[in-house]
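Just below is one structure, and these are the notes that go with it.
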There are 2 protein chains.
Amino acid sequence: MNAPDKAVHASPDFAALLARTREPFPASTKTYIEGSRPDVRVPLREVLLSNGERVHLYDTSGPYTDPAVAIDVRCGLPGVRTPWIAARADTEPYAGRLHQALDDGVKHEDLSAARIAALRAEAAGLQRLPRRARAGANVTQMHYARRGIVTPEMEYVALRENGRREWMAEYLADAQREQRLRGNGLGAALPSGPITPEFVRDEVARGRAIIPANINHPEVEPMAIGRNFLVKINANIGNSAVTSSIEEEVEKLVWAIRWGADNVMDLSTGRNIHTTRDWIVRNSPVPIGTVPIYQALEKVGGVAEDLSWAIYRDTLIEQAEQGVDYFTIHAGVRLPFIHLTANRRTGIVSRGGSIMAKWCIAHHQESFLYTHFEEICEIMKAYDVSFSLGDGLRPGSGADANDEAQFAELRTLGELTRIAWKHDVQTMIEGPGHVPMHMIQANMHEQLKHCHEAPFYTLGPLTIDIAPGYDHIASAIGAAMIGWMGTAMLCYVTPKEHLGLPDREDVKQGIIAYKIAAHAADVAKGHPGARVRDDAISKARFEFRWNDQFNLALDPETARDFHDETLPKDSSKEAHFCSMCGPKFCSMKITQDVREFAAAGMQAKSAEFKAAGGELYVPIQPA
Amino acid sequence: MNAPDKAVHASPDFAALLARTREPFPASTKTYIEGSRPDVRVPLREVLLSNGERVHLYDTSGPYTDPAVAIDVRCGLPGVRTPWIAARADTEPYAGRLHQALDDGVKHEDLSAARIAALRAEAAGLQRLPRRARAGANVTQMHYARRGIVTPEMEYVALRENGRREWMAEYLADAQREQRLRGNGLGAALPSGPITPEFVRDEVARGRAIIPANINHPEVEPMAIGRNFLVKINANIGNSAVTSSIEEEVEKLVWAIRWGADNVMDLSTGRNIHTTRDWIVRNSPVPIGTVPIYQALEKVGGVAEDLSWAIYRDTLIEQAEQGVDYFTIHAGVRLPFIHLTANRRTGIVSRGGSIMAKWCIAHHQESFLYTHFEEICEIMKAYDVSFSLGDGLRPGSGADANDEAQFAELRTLGELTRIAWKHDVQTMIEGPGHVPMHMIQANMHEQLKHCHEAPFYTLGPLTIDIAPGYDHIASAIGAAMIGWMGTAMLCYVTPKEHLGLPDREDVKQGIIAYKIAAHAADVAKGHPGARVRDDAISKARFEFRWNDQFNLALDPETARDFHDETLPKDSSKEAHFCSMCGPKFCSMKITQDVREFAAAGMQAKSAEFKAAGGELYVPIQPA
């Protein structure tokens, strides 16, 4: 059944919404750190406090929050990495694969000629001639790293992870003094000082970190996913069946990175899938991941058995040419593992995993993803697409956690990691899912052991199954714990998980919950400087600098709104008491009094001491 | 400044709201387990599933969700425990302390005569003659337990913790078979089978659990707080400056227990504090806790220095007579510890702690709570009020976590626990606050060590400081972890923490987040039967029984609403696919196909095996 054709137009509503979504956060300005060359310019969000101090925050929002940058979503973002890629002189432009109507998930006859023309016209400004590695070349960041080359991408990552470290001196001194504030890395190899470009190179060379950065996605602001860097988060977006405009799709992306998504996966299915991806990639400053099997399945009309290596391979090239930075590939769902899921409480819950399981059983053949894995590596290294080795057999309930199906697949992912690394292809490993707290540590342990410290990228995990509507919370608990234990990137879960498609507000709620989890992990691990923001906000809180507390919060608007519900008057933002207790009862106010009392007491004691002759041992007075 | 007098009236809005709040959850009915005597009737919520199965859930909502019970908030609830208390024949009614206008936080002249009359009239039906221990008697559950007496309260608790265990057989069998599903108690002493009344008695006698149950609160449905029982949660409520009606206050309470609060603390300050407490206690089936220093401070006009033992003592008796089940008493805030907070990032953030610190410094005297502790014990044991030894020096930021001020106080609380136990007074210990993940374990460790396994009752802890507006999430992470590690009760945090006073929706959000944390802890600890609800909902999810999934969720209404946003049609509740993927793409649907394939494959293999002569070792065939 065809959805009625809808006129493709630049919806004025979404254009206006996008303009609003571009507004900088309160008291915040975009600032840049310059690297060793002028085109290495790393963005930071600078928050100006009411006492004149400035706090610098890691900034995922890209040029959208810089009012100085003019953005036209019909032309895409400027290519931050274009000169770096060109300078390496190991890639070449080429005509690229021929675009087919099927790429947008439909046969020609299903779409009116007018609609095809309109779609193509809208995406025209976003078309680029693709590049690929010259014959015999390998253009992955891992390949460079292993040859000892520090790329501009690696330098960028180092500067970005550090932020403005001068400012941190006071807080780092605390940690030096106090063991308890140093965190506990649980085996992470965090540097004790600033992160150097050489450290980044070494981590990428070892496979402990990846920098997802397809040569056809020069718009990306490089970032690292690895245990010894800040914990990152991923947000999933996807088109609805009929997309109305570029603005609508791009606004979803801008909304997600505004709140802190470090990566975005485009999980679109159905119509217009290729064109939507053009819109997203060309306008994205963060790495974009996809699950290519979804599009391949569309091309065979949704019948898993009809999938083939030829169709899948073609889809990989199609998406690599567009600039997708990492592919989720469920190559660990092997024929011999499928029966292990038969007695599970919730069978196979991964879409990609179940598609491949169905294919394997229908053909009674080993998965073509597994048998063609080396050929996939050849494609990956020609574009620097990173593997995200999918956990197609992840548990869909606590009852199925850590079972043999899950761990058999994990061990296979470790085996595939070795093959990927033989080709210098960057690789991360996806993890569950639903895991009760007491089984989380084993997941991290097995992953480190079998996957040779390749970055772990987990969905949650959800610690319980009974919280539909609140699974962002049930999973943030597991995410924070596994992040502390060593997971490099956390895939968010929204409140709509298990129930429906997330809307704009759900996306925000999911991202905030995961920023909390990732930050809790960073603080616990002792990532240098992670506590700076906590210390700044605690200080603001204690000194009744309400506006600073709001502006340093993960969500300044909500913090302000909640405060204003109780004490709406502007004057109360300066008040020396909190909205909970009122002026008479405020514990922070009392503490300040206590400090004065204590200080006075010390002086009095000191005066008494001097009056007594300054003797260290004062004779006991008769009572 | 006086707030304008507001007419006291039975607001028809709140009466209507309360009626709605009493509605049972969908597909749920109240059922009761009978004990060894007919007046031991333990409530459970029974959820009827669409496949005819019944799931029984722990039920905190009291008679409010039983449509068969007629409730009049002007008369209070029936006294579940009245016959048990009477049968023990160790208490006596007495005239009680004389009610003073100051008990309601104001001097006589501040209130119009009409308002005083109206307030008193409204509370008239809730007045009871108080009871206390006969001379020389000790009426605490701990005292009985130590003398080997299993009280009806203990039997009630045992039945309540077990629920309907017959139903669990299938799920418990799983756990027997699979080590990974048994949980990891991290040193807890959970029984492997059903909890017996004798087990409850033993835990109470050892001090590892308490049953908060003031003899003047016979309305309470007994519950236990202890490491070897289900993890409990506490919700705080408090009146606004001017309360409009009994219905309004009682509705807050009913709302909190509806969503799962096991205990409620009444943190009212300001006007009408005594009368509000009458309204709450008389209508509460859950234990009520208070912080008596708040009311004492009201009585001295908010000037901490003017507090005295006499005023405080009088307040304890006033509240004990009303039926408060536990008192937060900050007796560990000792004079010699106060200077330890002077260099903290956020000083003293506990209200009670800062009040006592101010008093100590103003008088340069040891805290009267500490010096009069044995006298406090005498009061507690005459009414069976439990101690909740307050952590007045808890950290207000991650930077202050686990510092010497905090642990000096904790060690003092351990010393006071010994004194309380000498008097057979039930005791739990309050804990922080703000604690990064890597410091949580040490909190539990120190508490177990210094406080002799008395139940730990923590506020969160919040794992980071930068999430105002979302601190229910930042703290649910810490709460789940510390609950797993051994904390017996988790004090909720609402989204308004640090910002303002929680409204009805905030209370719900805080409770749901804490039900998630507590349940995650129960599952991880391996509490027998905790996984039953998870397994039932996972099974419903896998079998596309949408309504069962909603009805088993912590918040059935929200789960249903979220689903309906994507697929609103009723028919889709029966659909064999989920709302996320649609019919073509549904991974659970595919898995069911895979199972059929797998089963068929097994049969084929089996047929092949038999056809080959049934030999275990089949000769290798030439390729």
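Here is how names work: the chains are called A, B, and so on, in the same order as the sequence lines, proteins then strands, and each is numbered from 1.
Interface remark: A:Asp503 contributes side-chain atoms only to the contact with chain B (heavy atom separation under 4.5 Å). With a 4.5 angstrom heavy-atom cutoff, B:Met437 touches chain A via backbone and side-chain atoms both. Residue contact with chain A, scored on non-hydrogen atoms closer than 4.5 Å, involves the side chain of B:Ile537 exclusively. With a threshold of 4.5 angstrom between heavy atoms, A:Gln509 approaches chain B through side-chain atoms but not through N, CA, C or O. Contact annotation for A:Pro495: both backbone and side-chain heavy atoms come within less than 4.5 Å of a heavy atom of chain B. Only the side chain of B:Ile512 comes within less than 4.5 Å of a heavy atom of chain A; its backbone N, CA, C and O stay farther away.
A:Leu554 contributes atom CG, which lies 5.5 Å from atom CD1 of B:Ile464 (distance to the nearest 0.5 angstrom). Distance CD/A:Glu497 to CZ/B:Phe562: 12.5 Å, rounded to 0.5 Å. The distance from atom OH of A:Tyr470 to atom OG1 of B:Thr558, rounded to the nearest 0.5 Å, is 3.5 Å. Note that CG of B:Asp534 and CZ of A:Arg345 are 10.0 Å apart. Values are rounded to the nearest 0.5 Å. A distance of 8.0 Å separates OG of B:Ser397 from CZ of A:Arg531, quoted to the nearest 0.5 Å. Between atom CZ of residue B:Arg182 and atom NE2 of residue A:His438 there is a gap of 10.5 Å, rounded to the nearest 0.5 Å.
Residues A:Leu499 and B:Gln549 form a side-chain contact, since some pair of their non-hydrogen atoms from C-beta on lies under 4.5 Å apart. Taking 4.5 Å as the limit, every side-chain heavy atom of A:Thr346 sits out of range of all side-chain heavy atoms of B:Arg541. With contacts defined as side-chain heavy-atom distances shorter than 4.5 Å, the pair B:Lys496/A:His563 does not qualify. You'll find the side chain of B:His472 reaches within 4.5 Å of the side chain of A:Ile473, heavy atoms only.
Between chain B and the residues A:Gly183, A:Ala476, A:Ala467, the most heavy-atom pairs under 4.5 angstrom are made by A:Gly183. Interface check for chain B: of the options A:Gly469, A:Pro468, A:Ala553, A:Ala520, the most heavy-atom pairs under 4.5 Å are formed by A:Pro468. The residue among B:Pro502, B:Ala513, B:Ala401, B:Ala479 with the most heavy atom pairs within less than 4.5 Å of chain A is B:Ala401. Between chain A and the residues B:Ala480, B:Gly478, B:Pro436, the largest count of heavy-atom pairs under 4.5 Å involves B:Ala480. Chain B forms the most heavy-atom pairs under 4.5 Å with one residue out of A:Ile466, A:Asp506, A:Ile477, A:Thr463, and that residue is A:Ile466.
For B:Asp471, there are no salt bridge (Lys or Arg N to Asp or Glu O under 4.0 Å) partners two or more places apart in sequence or in a different chain. Applying the salt bridge (Lys or Arg N to Asp or Glu O under 4.0 Å) rule to A:Glu505 yields no partners; only residues at least two apart in sequence or on another chain are considered.
Here the shortest heavy-atom pairing between A:His498 and B:Trp546 reads O-CZ3, 3.4 Å. Smallest separation of non-hydrogen atoms from A:Ala399 and B:Leu181: O-CD2, 3.7 Å. Considering all non-hydrogen atoms of both residues, A:Ala474 and B:Ile516 come closest at CA-CG2, 3.7 Å.
Remark: the backbone N or O of A:Met439 is not paired with any side-chain donor or acceptor of B:Arg180 at under 3.5 angstrom.
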